[in-house]
Amino acid sequence: MCAIHVLPPLSSASKVHALQDSTSHPVALCAMFGSVAALVLLVLLGPASASIGPTLQRCPADFQLVRRGQTIGASEAQYIAEKREKVLPDAFKTYLQSVKRTGVQLPQYVEQILESRTQLPTVGISTSGGGYRASIFGAGVLNALDARNSSAVEKGTGGLLQAATHLAGLSGGSWLVTSLAQANFPTMQNLIFGDGKTSDYAGWLTSFSLWTVSTDPTEQAIFAQEVLDEIAVKAQHFPVSVGDAWGRALARHFTNGTTLPTLLANTSHGAGILFSDLVNLPTFASHEQPLPILVVNLDSKHINGTVFPGGTTNFIPLNTPMFEFNLFEMSCFDDVLAAHTPLKFLGTTNNSICATGFDAAMFLSGTSSNLWNELNATLAAATANFSVLVNETYPQPPTLRLDTSNYPNAFHGVAPETFADAGETILAMVDGGEDGQVIPLQPMLVKDRAIDVIIAIDAFNDAPNNFAGGATLMATQARMQIFPRGLAAFPAVPTSAAAFAAANLTSRPTFFGCTPSKTNTEAPGPLLVYIANGAPPRDGSPPLTNTSTGQSIYTTDEIQGMLKQTFDIATQGAALGLAEEDREWGACLACAVVDRARQREGAERSGVCETCFARYCWTG
Ligand SMILES: *[C@@H]1O[C@H](CO)[C@@H](O)[C@H](O)[C@H]1NC(C)=O
Ligand SMILES: *[C@@H]1O[C@H](CO)[C@@H](O)[C@H](O)[C@H]1NC(C)=O
Ligand SMILES: *[C@@H]1O[C@H](CO)[C@@H](O)[C@H](O)[C@H]1NC(C)=O
Ligand SMILES: *[C@@H]1O[C@H](CO)[C@@H](O)[C@H](O)[C@H]1NC(C)=O
Ligand SMILES: *[C@@H]1O[C@H](CO)[C@@H](O)[C@H](O)[C@H]1NC(C)=O
Ligand SMILES: *[C@@H]1O[C@H](CO)[C@@H](O)[C@H](O)[C@H]1NC(C)=O
Ligand SMILES: *[C@@H]1O[C@H](CO)[C@@H](O)[C@H](O)[C@H]1NC(C)=O
Ligand SMILES: *[C@@H]1O[C@H](CO)[C@@H](O)[C@H](O)[C@H]1NC(C)=O
Ligand SMILES: *[C@@H]1O[C@H](CO)[C@@H](O)[C@H](O)[C@H]1NC(C)=O
Ligand SMILES: CC(=O)N[C@H]1CO[C@H](CO)[C@@H](O)[C@@H]1O
């Protein structure tokens, strides 16, 4: 159980380490919170550091607060169309070259589709939550799909990342997606460790914890003071809560503006990096980056429903509408709301006075990873003081929740018959995985996105020893029965953890949706390529990828070890019943990537694709 200190001694890095072995959720949360006491100290300290925040001004003449419907916005449509035109033809050719290096003979249709301009598949990647473990595992899979990694190219998987159009993350996965986007799409090595050259971006700085940057109380207090000061400008016009402080703490790991030597310096630490501004970065201007999407849950007091069983952090009923932040909009694609508001003007609630600067990248990512609403009375005591501290500095109305990340409700009055929170002035948002869907799949089921294949990366800890067990796919399957209208079909998956385990679906890559139902051939929905952190390495070496969710300090060696094992998971496949790697895996993955395009053309699956599908498809 986690120790709660009223005043020093401060929770030290070594104490955080001591918590690592536990798999229990409250302890994981404890480790994330680090030292509450140190934050109490900060009130004793002096003056403000830099504060950047949203401002209010008259709205542009053509401003539209809400767009309705289950379709994507014009800006996204344009970005994807331009990417399709300018980037994808070469990206898929490069990917095909990588697949062909394995020497496996591909059916003619695979090459023909990947070399065409008009029949190219649409690939989305969804990367799960699970704290730093999930950030690292997700990065490891992206690395195995990256054309810039020559080992990945040798394996026949390199290049798929460059051919993807959408990249969704939630919670720990949102840290990966946000840092990757804002750092201008570096390689995974440079993303995690920095490139040692740019002074702007130094990597994830995993040598210090999320809340506890130092064992020295004075240093820790300086850090805490800065975090609190950095939300001063926002607090002038908007509600603030623990979610704002959390975002500022996370920014010291996942954005530009922080290096180890300047950790405590009065510099920006990424304040002012807006999600909607990222579109101006060079790799977005050139359409190289997939469109980043962060998923969050609404913690509504108006919704009663069944909480999906199984996951340790499941808390939000599955019948709650869910939200995403893409580069252009905050969106709800569920039919009960089906509404969108421009991200650039997040914080706005009418058409006359507009907020800008509200969509701070790490505030959004901190929302996607905000688990504070889950704390029970015992643990609430530990964080109450933190929330109280924010509230003492910037007093909030008694009705405002201090445990959630709060957004002025742009959808006030929208769909009052079906949207439970239409009457609320604030939308209280929390971690995107709290409904049990810990892989952000729903953005890939938006029909208008026409995703053909989802690479679903699972580093949740729903199985023993912090491994992934498939519960998150079951949650999405269950939710699709509650919100079926207007979304693409989700492939059938098993309905029990035991079934996942018995069929080894988490210990090797698995394809779902290989045989879409005959009645549904018009719109079969995407094929799912599921890559899970499900088992120790087949070669018998000690598993490194199953760290606890609460571990937030990692050495370089630890991370490199995890990346190496993840690389093997994502590049080796598994020949059924065999211990060694499947040399056809690169080809098999390509077969999955083109399969919906093949179906559209009316070609028959053949050659290696037939045997691959026999090997990797779950058929129920
Ligand atoms: C609250 O969390 C503590 C710490 O894990 C646990 O011992 C206690 O049983 C929990 N209480 C409830 C009501 O869930
Ligand atoms: C930090 O810098 C800002 C300007 O960037 C300044 O207003 C503030 O006083 C500084 N704080 C400290 C503690 O030096
Ligand atoms: C490719 O990935 C492997 C495995 O993680 C790693 O050792 C290597 O450094 C990577 N290469 C590049 C160029 O990033
Ligand atoms: C962050 O730093 C990288 C590396 O210097 C740079 O390419 C990128 O443009 C920066 N991003 C932002 C949002 O300033
Ligand atoms: C939810 O359940 C609570 C307790 O049973 C009840 O008081 C409340 O009215 C219900 N709310 C809705 C929206 O059904
Ligand atoms: C519009 O929103 C602003 C900022 O929240 C508020 O101050 C103003 O009163 C609102 N105007 C109307 C007409 O509701
Ligand atoms: C926050 O502070 C205000 C003003 O002191 C108080 O009225 C309110 O109840 C506090 N909120 C919470 C949740 O404690
Ligand atoms: C990782 O899995 C192994 C079993 O394969 C287990 O012994 C070990 O305790 C696990 N590590 C963690 C941190 O859960
Ligand atoms: C699952 O894997 C084990 C070896 O790890 C093997 O013995 C068993 O046959 C596999 N089961 C299926 C259904 O493939
Ligand atoms: C858990 C904890 O630290 N609680 C403290 C919160 O702050 C009050 C005074 O402000 C203390 O009395 C509690 O012990």
Side-chain angles (χ1 to χ4, degrees), residues 43 53-60 63-66 228 231 234-245 299 301 341-342 345-358 372-373 375 377 380-414 424-428 463 467 469-470 494 496-511 530 532 534-540 543 569 572-582 613-620:
V43 290
T55 55
L56 294 168
Q57 59 276 307
R58 193 182 301 277
C59 294
F63 181 69
Q64 187 193 356
L65 179 62
V66 176
L228 207 63
I231 62 182
K234 180 171 180 182
Q236 287 167 17
H237 298 292
F238 296 95
V240 290
S241 72
V242 69
D244 293 274
D299 190 351
K301 61 174 181 267
T341 193
F345 297 105
L346 210 58
T348 305
T349 53
N350 61 50
N351 286 305
S352 45
I353 303 295
C354 271
T356 53
F358 191 98
W372 272 260
N373 65 321
L375 298 182
T383 54
N385 281 1
F386 185 84
S387 301
V388 163
L389 199 54
V390 172
N391 198 27
E392 275 172 8
T393 316
Y394 311 108
Q396 302 297 308
T399 51
L400 189 88
R401 290 182 60 178
L402 298 175
D403 59 344
T404 54
S405 298
N406 299 318
Y407 293 74
N409 185 4
F411 309 117
H412 187 267
V414 176
E424 293 292 327
T425 56
I426 298 286
L427 295 179
F467 286 112
S496 75
F500 269 92
N504 294 330
L505 304 183
T506 56
S507 57
R508 60 179 173 86
T510 302
F511 303 162
Y530 178 61
R538 275 193 302 274
D539 66 8
I569 289 171
Q572 292 193 343
L576 259 197
L578 296 179
E580 70 258 29
E581 95 177 76
D582 178 358
F613 273 55
R615 200 143 78 237
Y616 289 101
C617 290
W618 181 74
T619 48

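For ligands, and for the atoms within them, numbers begin at 1 and follow the listed sequence.
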Protein heavy atom at shortest distance from atom 5 (O) of ligand 6: Thr349 OG1, 4.1 Å
Trace of the side chain to side chain contact (heavy atoms under 4.5 Å, CB included) decision for Phe358 with Thr348: CA-CA 9 Å; Phe358 191 98; Thr348 305; over 6 Å; no
Derivation and outcome, side chain to side chain contact (heavy atoms under 4.5 Å, CB included), residues Tyr530 and Phe511: CA-CA 6 Å; Tyr530 178 61; Phe511 303 162; over 6 Å; no
Polar side chain donor-acceptor pair, Ser241 to Gln396, under 3.5 angstrom: no
Ligand-residue contact atoms, ligand 7 with Pro398, heavy atoms, under 4.0 Å: 7 (O), 8 (C), 9 (O)
Enumerated ligand 9 atoms positioned under 4.0 Å from heavy atoms of Asn504: 1 (C), 2 (O), 3 (C), 8 (C), 10 (C), 11 (N), 12 (C), 14 (O)
Shortest protein contact, atom 11 (N) of ligand 7 (heavy atom only): Asn391 ND2, 2.8 Å
Validation row: Ile426, Tyr407 side chains within 4.5 angstrom (heavy atoms): no
Note, Tyr394 side chain near Pro239 side chain (heavy atom, < 4.5 Å): no
Atom 6 (C) of ligand 6 - nearest protein heavy atom and its distance: Asn350 ND2, 4.1 Å
Region of Ala502 engaging ligand 9 - heavy atom pairs below 4.0 Å: backbone
Shortest protein heavy-atom distance from atom 13 (C) of ligand 6, along with the residue and atom involved: Ser352 OG, 4.1 Å
Closest protein heavy atom to atom 4 (C) of ligand 6, given as residue, atom name and distance to 0.1 Å: Ile353 CG2, 4.0 Å
Verify atom 9 (O) of ligand 7: protein non-hydrogen atom under 4.0 angstrom away: yes
Carboxylate-amine/guanidinium contact Arg538 Glu581, below 4.0 Å: no
Interatomic spacing from CG in Leu65 to OG1 in Thr341 - rounded to 0.5 Å: 4.0 Å
For atom 3 (C) of ligand 7, the protein heavy atom that lies nearest, with its residue and separation: Gln396 O, 3.2 Å
